[in-house]
Structures are given as structure tokens and as C-alpha cells.
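A quick write-up on the structure given underneath.
Only a predicted model underlies this, so the values are computations on that prediction, with no experimental measurement involved. These values consider heavy atoms only, across backbone and side chains, with no hydrogens, waters or symmetry-generated copies.
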Amino acid sequence: MATTQTWHKQRANMAILTEATPGTWMTSASVFVAANCKIPFRNLKVKIQNKEIERFLDRASLLSIDSLFYGEQAEISFDVDAYTSGTAGTDTSLAVLRKSDSTVTVNAGTSVVDSLNSSSMVTTSIGVEFISEDGTTSQRFGFKGCRVSKKQLELTVGAQGVWHFSIKGVIAYESSAPVVQVAGTPISSITRDTLNGNIPQFKGLAFTVGGVQRLISKVTLDWGVEVEEQTDPLDPTTIARFVLAGIKPTLSIDPYLTPAATVNDFSKFFAGTAETLSIPIGSTAGQIITITAPRMQRKTADHGERNSFRSVDLTYRLNGSTDAGDDALVVTYT
């Protein structure tokens with residue numbers, strides 16, 4: 001009796017490599033290596049997409065006839081903890097993804113600074129490997145010209161920060177054979193989560209907005225990334241890569257309602273008052289993430305509640321403060 005191969009939901013690897021030429025696949029031999037699998041992700045989803053040109057009905061029978069397909073692409077989404085490097089001034093394993101829309105500046109022994117880069121041209125080749133239940137066989141999917149299409153950091157009091165990523169890319173293989181099954185030993189995971197200190201918890205900190213400390217339970221930072229596909233009729237998929245079209249970062253928080261004499265969120269909302277933001281997470285050198293924004297304006301201000309207490313549900317737009325821009329949101333690892 002033949003045995004049907006099964007694929008385990010949790011057995012998966014993802015390899016990410018910056019492309020030397022945007023939109024050019026870095027080859028399977030370069031992408032599917034252990035050194036490119038440093039991110040201990042979870043909740044991986046790969047959605048294969050195609051564009052369809054519907055053709056006319058068969059007029060004699062009203063049945064449809066074959067459609068034409070093009071634009072083979074995929075959306076890859078996953079979650080990962082907000083890791084630090086453990087050593088001040090050393091970059092983290094998320095460096096490749098952060099460079100997708102940010103300028104990463106490494107100050108050895110001191111800090112690593114991410115500032116928005118609306119002119120970023122960095123794209124990545126991504127390989128996703130699904131591993132069989134017995135660990136002997138893998139199925140691999142390769143995508144080129146990949147750009148982050150959603151980048152969100154969620155902070156909840158007492159918990160670690162969680163990054164939510166969605167990435168759009170173009171299928172790197174011929175459309176007739178987009179899946180390559182590779183027998184033998186799959187890539188083994190090389191990251192062991194043995195240092196809890198590398199995941200700073202959102203607690204024991206002074207969260208300040210406009211110089212006033214606010215009591216909040218949840219923060220959501222959305223980079224507001226917008227990407228567009230660059231079409232290429234010379235490419236079998238008709239898409240060369242995804243390009244960065246815009247960045248509109250926002251911040252959402254739920255502070256307790258305060259006396260108007262302390263902070264009047266609604267009058268500042270009506271006036272469009274600009275404020276600064278500072279969120280330090282962690283306190284030990286090498287395990288600190290600090291989020292700053294120089295010029296925020298309230299987009300929405302609504303009455304809310306947290307259990308028995310009144311709160312204010314606020315969403316801010318994060319603006320640049322210089323003519324050069326690109327300083328609307330800065331993340332520093334120290």
C-alpha cells in the first residue's frame with residue numbers, strides 16, 4: 001500500500017536575501033541556505049495569486065471557455081517577536097526586512113538606528129520551505145522582487161512586542177513549474193530562543209506623548225507602507241518587482257481619560273496640535289528598543305473604555321519635522 005506524504009503545519013523555514021539587482025532572483029543555491037533562516041517566525045501564510053483575463057462565452061452553449069492568466073505573484077505573511085540583538089550596537093536578525101523601507105545605521109557598540117527611507121530601492125528574494133511530517137522531504141517556493149507591504153508593531157502591557165509582516169513578491173520559477181520538491185534533509189533551524197532578555201517586555205516604562213505621561217495598555221504602530229507592482233512584459237510573470245509607493249505611519253493608543261487641565265485630547269484633536277512621542281522598551285543595554293516620533297497629529301479621538309474605566313481611543317498620523325522628511329518614525333536599538 002502506497003504511503004501518502006503529509007506536510008506538517010509548523011515545520012517550515014523561510015530564507016530572505018537582499019537582491020543585488022532589484023527584481024532579479026538570487027538563485028535557489030544562494031537563497032536556501034541556513035544563514036538566511038535566522039528569523040524564528042510563526043503564523044506563516046503564503047497566498048499565491050494570479051490575474052485572470054476572462055474570455056467570451058461559448059455563444060452556442062453559454063458555457064465559458066479558457067481564460068488567460070498572467071501576473072504570477074504571492075503574498076507572504078508571518079509574525080515574529082520584537083527581538084533585540086542582545087549586544088548594544090549590533091544589528092538584529094530582522095535587518096533585511098527593516099531595510100525594505102528604512103535606513104539602518106549601525107553605531108558599533110552603541111546603537112542601531114532605523115529611520116524611514118521613502119526612496120528605498122531594496123528588494124529581497126524569499127524562499128519558503130515546507131517540510132514533510134517525517135522531516136525527509138521539502139517543498140520549496142521562491143519569490144523575487146519582494147517588498148514589505150504591511151509592517152506593524154504591536155505592544156501589549158506585560159507582553160513582548162510582536163511584528164506583523166506581509167510581503168509581496170513575484171514567483172521566481174517558470175509559471176509551468178512554480179513548485180520544486182527537494183528530497184533529502186531540509187534546512188535545520190539555527191536560531192534557539194534561549195535568551196528571554198532579547199525580547200524586552202512592554203512594562204516598567206514611562207510612556208510620554210507631548211511631554212505628558214499617559215497610562216496605556218496597548219500600542220499599535222503601523223508603518224503604512226504602500227507598494228505597487230512594476231510591470232515587465234519581458235518577464236514570464238509580467239511583473240518585475242514591487243516598488244515602494246508611499247509611507248504613511250500611524251500610531252494607535254488607548255490612554256485612560258485624564259482631566260482636561262492635564263491633557264485635553266479633544267481640543268488638541270480639533271486644533272490639529274502636533275506632539276512628540278517617546279516609547280522606551282526594556283532597560284538593559286543591548287536589550288532596549290526606543291520608538292520616537294517628532295511630530296504627531298491626532299487623526300481620530302473617540303471615547304472608549306477599559307473594563308470599568310473611561311479611556312480615549314486615539315490614532316495619530318506621524319509626520320516628518322524637516323524639509324528632508326523621513327524622520328517621522330525612528331526606532332533605536334541600544
Legend entry - Where P249 and L329 come nearest, the two heavy atoms and their spacing: CB-CD2, 4.3 Å

Legend entry - Salt bridge present between E129 and R140 (N-O < 4.0 angstrom): yes

Legend entry - Note, R98 side chain near D91 side chain (heavy atom, < 4.5 Å): yes

Inset, instruction - Answer yes or no: are there more than 12 heavy-atom neighbours, outside N43 itself, under 6.0 Å from its atom CG? - result: yes

Inset, instruction - For F266 and V312, run side-chain contact (heavy atoms from CB on, under 4.5 Å): C-alpha distance rounded to whole Å, both residues' side-chain angles, the deciding distance at 0.1 Å, then the answer. - result: CA-CA 9 Å; F266 298 96; V312 185; 4.1 Å; yes

Inset, instruction - Using a cut-off of 6.0 Å, state whether more than 12 heavy atoms not belonging to R306 lie near its atom CZ. - result: yes

Inset, instruction - Quick one: do F165 and V148 satisfy side-chain contact (heavy atoms from CB on, under 4.5 Å)? Show the steps, please. - result: CA-CA 7 Å; F165 283 103; V148 172; 4.1 Å; yes

Inset, instruction - Give the C-alpha distance, both sets of side-chain angles, the deciding distance and a yes or no for side chain to side chain donor-acceptor pair (under 3.5 Å) between T24 and E19. - result: CA-CA 7 Å; T24 300; E19 293 176 343; over 6 Å; no

Legend entry - Side-chain donor or acceptor of S100 paired with backbone N/O of R147 under 3.5 Å: no

Legend entry - D265 bridged to R214 by N-O distance under 4.0 Å: yes

Legend entry - Donor-acceptor pair, side chain of T237 and main chain of I239, under 3.5 angstrom: yes

Inset, instruction - May I ask whether F270 and V263 are part of the same hydrophobic cluster, defined by side-chain heavy atoms of I, L, V, M, F, W, Y residues being less than 4.5 angstrom apart, directly or through others? - result: no

Inset, instruction - Check for a donor-acceptor pair, side chain of S125 on one end and backbone N or O of M26 on the other, with a separation under 3.5 Å. - result: yes

Legend entry - Connected via hydrophobic side-chain network under 4.5 Å: V219 and L205: yes

Inset, instruction - Can you measure from CD (E72) to CG (N50) and round to the nearest 0.5 angstrom? - result: 5.0 Å

Inset, instruction - Without swapping roles, check the side chain of S120 against the backbone of K99 for a donor-acceptor pair under 3.5 Å. - result: yes

Legend entry - Chi angles and distances behind the side chain to side chain donor-acceptor pair (under 3.5 Å) call for D254, S311: CA-CA 6 Å; D254 63 343; S311 64; 5.7 Å; no

Inset, instruction - Say whether, by atom type as modelled, one donor and one acceptor occur between the side chain of E154 and the main chain of V162 under 3.5 angstrom. - result: no

Inset, instruction - Please name the pair of heavy atoms, one in I48 and one in A74, separated by the smallest distance, quoted to 0.1 Å. - result: CD1-CB, 3.9 Å

Legend entry - K268 atom NZ, over 12 foreign heavy atoms within 6.0 Å: yes

Legend entry - Audit row: T231, T238, side-chain contact (heavy atoms from CB on, under 4.5 Å) steps and yes/no: CA-CA 6 Å; T231 57; T238 72; 5.8 Å; no

Inset, instruction - Kindly indicate whether the side chain of I167, heavy atoms from C-beta on, has any atom under 4.5 Å from the side chain of F78. - result: yes

Legend entry - Positive for side-chain hydrogen bond (donor to acceptor under 3.5 Å, both in side chains) with S252, one of T220, T315, D313, D222: T315

Inset, instruction - Return yes when atom CD of E52 has more than 12 non-hydrogen atoms of other residues, nucleotides or ligands closer than 6.0 Å, and no otherwise. - result: yes

Legend entry - Value rounded to 0.5 Å, distance of CZ in R317 from NZ in K299: 7.0 Å

Legend entry - E75 vs F143 side-chain heavy atoms within contact, under 4.5 Å: no

Legend entry - Where S102 and K151 come nearest, the two heavy atoms and their spacing: OG-NZ, 3.7 Å

Legend entry - Salt-bridge contact D81-R42 (side-chain N to carboxylate O under 4.0 Å): yes

Inset, instruction - Any chance you could measure E228, atom CD, to L244, atom CG, to the nearest 0.5 Å? - result: 9.5 Å

Legend entry - Residue Q213 excluded, over 12 heavy atoms near CD under 6.0 Å: yes

Legend entry - Heavy-atom side-chain proximity of Y316 to L277 below 4.5 angstrom: no

Inset, instruction - Please check if atom CZ in R11 has more than 12 non-hydrogen atoms from other residues, nucleotides or ligands closer than 6.0 Å. - result: yes

Legend entry - Hydrophobic cluster identity match, V243 and V225, side-chain contacts under 4.5 Å: no

Inset, instruction - Fit a plane to each ring of W163 and W223, take the angle between them on a 0 to 90° scale, and name the class: parallel (under 30°), tilted (30 to 60°) or perpendicular (over 60°). - result: tilted

Inset, instruction - List the steps and the verdict of salt bridge (charged side-chain N to carboxylate O under 4.0 Å, His left out) for D235 and K144. - result: CA-CA 12 Å; D235 191 295; K144 67 177 184 178; 2.4 Å; yes

Legend entry - Q201 side-chain N/O to G158 backbone N/O, donor-acceptor pair under 3.5 Å: yes

Inset, instruction - Would you mind reporting whether T292 and T276 have side-chain heavy atoms less than 4.5 Å apart? - result: no

Inset, instruction - Evaluate side-chain contact (heavy atoms from CB on, under 4.5 Å) for M296 paired with V209, printing each intermediate quantity in order. - result: CA-CA 9 Å; M296 305 193 311; V209 180; 3.9 Å; yes

Legend entry - Donor-acceptor contact present, side-chain D327 to main-chain S321, <3.5 Å: yes

Inset, instruction - Over all heavy atoms of both residues, which pair between G169 and C146 is shortest? Give the atoms and the distance, please. - result: CA-SG, 3.6 Å

Legend entry - Side-chain heavy-atom pair I126, V31 within 4.5 angstrom cut-off: no

Legend entry - Joint hydrophobic cluster, F130 plus F41, side-chain heavy atoms closer than 4.5 Å: yes

Legend entry - E275 bridged to R298 by N-O distance under 4.0 Å: yes

Legend entry - From R295 atom CZ to T273 atom OG1, the distance as rounded to the nearest 0.5 Å: 10.0 Å

Inset, instruction - Provide the closest heavy-atom pair for S111 versus T334 in the form atom of the first, atom of the second, distance. - result: CB-CG2, 3.5 Å

Legend entry - Least distance between heavy atoms, I253 atom then F207 atom: CG2-CZ, 3.7 Å

Inset, instruction - Using a 4.5 Å cut-off on heavy atoms from C-beta on, say whether the side chain of P200 contacts that of I289. - result: yes

Inset, instruction - Please check if F69 and I53 belong to a single hydrophobic cluster, counting links between Ile, Leu, Val, Met, Phe, Trp and Tyr side chain heavy atoms closer than 4.5 Å. - result: no

Inset, instruction - For residues Y83 and L94, determine if any side-chain heavy atom of one lies less than 4.5 Å from a side-chain heavy atom of the other. - result: no

Inset, instruction - Test side chain to side chain donor-acceptor pair (under 3.5 Å) on S85 and T92 and set out the steps. - result: CA-CA 5 Å; S85 62; T92 74; over 6 Å; no

Inset, instruction - Among T124, V128, I76, find the residue that satisfies the side chain to side chain contact (heavy atoms under 4.5 Å, CB included) test when tested with I16. - result: T124

